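Predicted model only: the values in this text are computed from it and were never measured. One is the number of the first residue; the rest follow in order along the sequence. Because only heavy atoms are used, hydrogens play no part in the values below, and waters and symmetry mates are left out as well, while side chains stay in.
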Amino acid sequence: MSRSRLWIFRIITIVFVPTLFFLLLEAGLRMLDYGYESDFTISASGEGDPASFRDNEQFSWRFFVRSMARHPKPFKAAVEKAPNSYRIALLGASAAQGDPDDRFGVARFLEAQLRHHYPDIRFEVINTAITATNSHVVLETVRDMAERDVDMFVVYLGNNEVVGPFGAGTAFAPYASSLAVIRATIALQSTRTGQLIDSIAKGAILDAAPQPEWLGMEMMVDNQVRASDAKLEKVYRHFEANLADIVSIAAEDGAPVLLSTVATNLRDSPPFGSLNRADLDDAELAAWREHYDTGVERESRGDCAGALESFRAAGKIDETHADLNFRIARCAAILGDTKTSGAHYVNAREQDVLRFRADTKINEIIRSVATTFRSAGVHLVDAEQAFGRRSPMQLPGNEFFLEHVHFNDRGTHLLALTLLEKIHELLPDSVRESRRHTEPMPLERVRAVVGYTEFAEYLIHSDIHGRFQTPPFTNQIYANERLVSHARRLVEIRKRAFSPDTVRRLDARYRRLTDSYPANPWLRSLYADFLVAVGRHEKATEQFESALEIFPHSYSWHESLARSLLSSGRYTDAEAQARRTLGIRPLSHPAKMTLAWSLAKQERMSEARELFDELIERFPSRAGGTYVELGQALVEAGKHAEALQALQKSLDSEMEPGRHQVMAAYLMTRISRELFEKSAETVVTGALAQLDKNPQFAAFHASLGTIYQEQGRLSDAIEKFSEAVELDPGMSRLYFNLVNLLVKQDRLEDAVAIARRATEAMDVLNRAELAERFRQATERLQSRATDTAN
């Protein structure tokens, strides 16, 4: 064989044969329907709407372990846009998405404003943002959306570059220093062969294999990255390259691109993690610690001047400690030194080793990329400056934020207006000429349009309160002070949201909104959530079903519908709906729990038990609560011996007695006096500590009241039952308990007052039979009280 032929043979062997093998394997896997669709959008033909495209639930599997994958919020849009329509794609992560509730995110606020200004134009603001993601993910999103006839792109991105997939502080797709390797990995995952290789590597060929749980920001607690870490420079370079590609792809067909800087909570969100310089010797570290501790002690006594003196002494040894910078900033602000305060608030963010907030360098990169690509149609929106201009000391805080980066309604409104100012300039003449209003809608009007009410405020702050009780929020300085303050605020929000007058008013308001905008699935799901909260599960079911007619692929609404059917007593329907939900997301804990309960309610306890056991094994961090659920199901099935075993495991599952243990002890009152007496006092002690942090949990108060009642502590039981019905007027059983206990103590007038409140509450909740029973009880009690007085 000649030398040239030999080289041709070698090239064929090295290149052609492996390529042919890969192509055949890929084709075979696709024929077998192995793997998943990896594009960001897919056709809605599976829902009977081939003329539309929708979000792909499986898109993010390329970047996350499947059990922890974050997903886009549901949307659907026409492949061929309707005449007189304008499509905007919003790109980013959780802050752009609208976390913790996208129904009140910037996409919804922006859409409401645009329709106010241009009522003759059909604006579509497609929310493509996904929580916990970064520029590596958004680059793949924009590749897809650039093919979807988008008229304008809005990019709000930068908080997760370090902690998101492939970042230096991530718990997801592992850190990689080479951008080429990262992109090759992502590209390989878009093939079925790559998905097979990934599944083998992760030991997840079978869905039954144990998978890690999503634990939110807590997962990154150990992934600390100093400001001096060389990996951080790699992250910045990756972000700059990705961002440049994102805006160039978006602008390729002439669509204008709005690239926004990122605003963060500087004044009211302490660092999540702090480290001293690695090169300090023991003596220096001891001296630093002494100065710092002295400063903390002085600060706690209100001696800010003395504290500042101690903190500055510590800073001369090591000024890179994030908490030290935040304490200096806070004390300086109290003393009126705004220049010092501002510098140290910013430095506290820069030195935070748990990097959940976009830092100065990230925003510098955003400005630089916007300038570089200005001639290509990229326009800078400086949200960081906009928020600064409207904040004390030009440092944003809780006036705009719920915690570190996610906006409250005022912050969302400001971001929408900041974007809107630039959008007006960039709209085509044909659209701008149709403008009806020159002034934007005020916040109160936008709230009314999107359905942001007292109930919505309660939903959002309940979610935030849960976050404040988990790491890394619990690791922040002043965390306990914040938690207690927020708990008190949440109780007041809940009382306002669920007073009888408010419930009546909100029910009418949500009915008007859904009647006015029948094709708005967000309003329907919001009304459904409200109906669930006030105990009208049958009505809620109707609203969830209507929302699913619009977005049939929405996992969360399928799951909520299953729970509503279960609460309505439609157990067979609940089972079927739970199975449909698991068809969308097979590893869902809530859907499996709903399925387990629907089986238990149908007296199919052996099948239910298998699911409870699977949940305990798959989700060990939730085992305490699952054991309680199992125990309750077994109690209802009359299997008391097995129930006691499950409840005892719940009591043993956590170091500190909390909500699950209280529920377990409450259930024990029904089946084992001896075991209840052994555990009750320990549970009560722990429960009281938990109630300081979670005073809004009505069920917690109710269970503790039942324990007190079993212990014979009737006055304490009355107090807890009263607090429970104050928080949740729909707890009909507790009204009866409360009235009976008050009668036992000869407090007849109080019993009459409670019976009247119960009547009103049951009228509001459309529980006619219960309302009539309370009316009759009120009459008897009133008569008895009158006889006693005479």
Side-chain angles (χ1 to χ4, degrees), residues 90-96 106 129 133-136 138-139 153-164 167-169 225 227-229 231-247 250 257-269 271-272 322 325-326 329 342-374 378-391 393-397 400-401 403-407 411-412 414-419 421-422:
L90 175 65
L91 305 170
S94 58
V106 68
T133 58
N134 55 18
S135 62
H136 299 295
V138 173
L139 179 56
F153 290 88
V154 176
V155 184
Y156 187 87
L157 179 68
N159 284 317
N160 296 336
E161 290 308 304
V162 177
V163 298
V225 180
S228 58
D229 195 322
K231 292 179 181 178
L232 202 54
E233 286 303 317
K234 291 281 190 180
V235 169
Y236 293 142
R237 288 206 291 272
H238 294 172
F239 177 60
E240 186 167 14
N242 285 339
L243 198 59
D245 287 345
I246 288 167
V247 299
V257 179
L258 273 62
L259 182 57
S260 177
T261 56
V262 178
T264 62
N265 188 340
L266 289 168
R267 214 177 62 252
D268 295 311
S269 183
F272 289 108
N325 277 278
F326 195 87
H344 282 277
Y345 272 128
V346 172
N347 206 34
R349 180 191 63 190
E350 308 298 287
Q351 298 294 339
D352 192 343
V353 296
L354 293 176
R355 310 185 77 83
F356 293 104
R357 293 177 288 178
D359 58 21
T360 299
K361 181 66 174 177
I362 290 290
N363 277 326
E364 287 176 354
I365 290 170
I366 292 169
R367 293 186 181 100
S368 174
V369 169
T371 300
T372 301
F373 287 86
R374 184 182 301 155
V378 178
H379 305 266
L380 178 68
V381 175
D382 209 326
E384 184 185 41
Q385 286 191 6
F387 277 77
R389 286 195 300 268
R390 292 162 178 79
S391 303
M393 300 186 293
Q394 297 193 353
L395 300 167
F400 294 122
F401 292 94
E403 14 81 326
H404 61 303
V405 296
H406 300 118
F407 301 109
T412 303
L414 175 56
L415 179 59
L417 292 182
T418 305
L419 294 169
E421 186 176 348
K422 183 63 70 174

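The closest side-chain heavy-atom distance from V225 to V163 is not below 4.5 Å. Taking 4.5 Å as the limit, every side-chain heavy atom of T372 sits out of range of all side-chain heavy atoms of V247. Inter-residue side-chain proximity for D268 and E403 is flagged as unmet; no heavy-atom pair is nearer than 4.5 Å. Put simply, the side chain of T264 reaches to within 4.5 Å of the side chain of N159, judged on heavy atoms. Two residues are said to be in side-chain contact when any heavy atoms from C-beta on lie closer than 4.5 Å; L258 and V155 fail this criterion. For the pair L266 and V346, the minimum side-chain heavy-atom distance is below 4.5 Å. Under the 4.5 Å side-chain criterion, counting only non-hydrogen atoms from C-beta, L91 is not in contact with V154. Counting heavy atoms from C-beta outward, I362 and Y236 have side chains that approach closer than 4.5 Å.
R367 CZ to Q385 CD: the interatomic distance, rounded to the nearest 0.5 Å, is 5.5 Å. Taking NE2 of H238 as the start and NE2 of H136 as the end, the distance is 6.0 Å to the nearest 0.5 Å.
When every heavy atom of T418 is checked against every heavy atom of A383, the shortest pair comes out as CG2-CA, 4.5 Å. Smallest separation of non-hydrogen atoms from L90 and A96: CD2-O, 3.3 Å. Contact record, A348 with P271: O-CG, 3.8 Å, taken as the closest heavy-atom pair. In this structure, L232 and A227 approach most closely via the heavy-atom pair CD2-O, 3.8 Å. The shortest heavy-atom contact between R355 and D359 is NH2-OD2, 3.2 Å. Minimum interatomic distance between L415 and F387 (heavy atoms only, all atoms of both residues): N-CZ, 4.0 Å.
Residues N363 and E384 bring a donor and an acceptor atom of their side chains to less than 3.5 Å of each other. One side chain, R349 or T360, offers a donor N or O that lies under 3.5 Å from an acceptor on the other. With hydrogens and angles left out, the side-chain atoms of N265 and Y345 include no donor and acceptor closer than 3.5 Å. The closest side-chain donor-acceptor pair between S94 and H406 falls under 3.5 angstrom.
Each of V369, L157, N134 was compared with F239 under the side-chain contact (heavy atoms from CB on, under 4.5 Å) criterion, and only L157 meets it.
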(request) Start with the C-alpha gap between S391 and R267, add the side-chain angles, then the distance that decides, and say whether side chain to side chain donor-acceptor pair (under 3.5 Å) holds. (result) CA-CA 10 Å; S391 303; R267 214 177 62 252; 5.1 Å; no
(request) Verify side-chain contact (heavy atoms from CB on, under 4.5 Å) between I366 and L259, making sure each step is shown before the conclusion. (result) CA-CA 7 Å; I366 292 169; L259 182 57; 3.7 Å; yes
(request) Might you work through the side chain to side chain donor-acceptor pair (under 3.5 Å) test for S135 and E161, ending with a clear yes or no? (result) CA-CA 7 Å; S135 62; E161 290 308 304; 2.8 Å; yes
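Heavy atoms of other residues, nucleotides or ligands lying less than 6.0 angstrom from CD of Q394 number 12 at most.
Remark: side-chain polar atoms of R357 are paired, donor with acceptor, to backbone N or O of S269 under 3.5 angstrom.
For F401 and F407, the distance between ring centers is under 6.0 angstrom.
Using bins of under 30°, 30° to 60° and over 60° for the plane-to-plane angle, the ring pair F356/H404 lands in the perpendicular bin.
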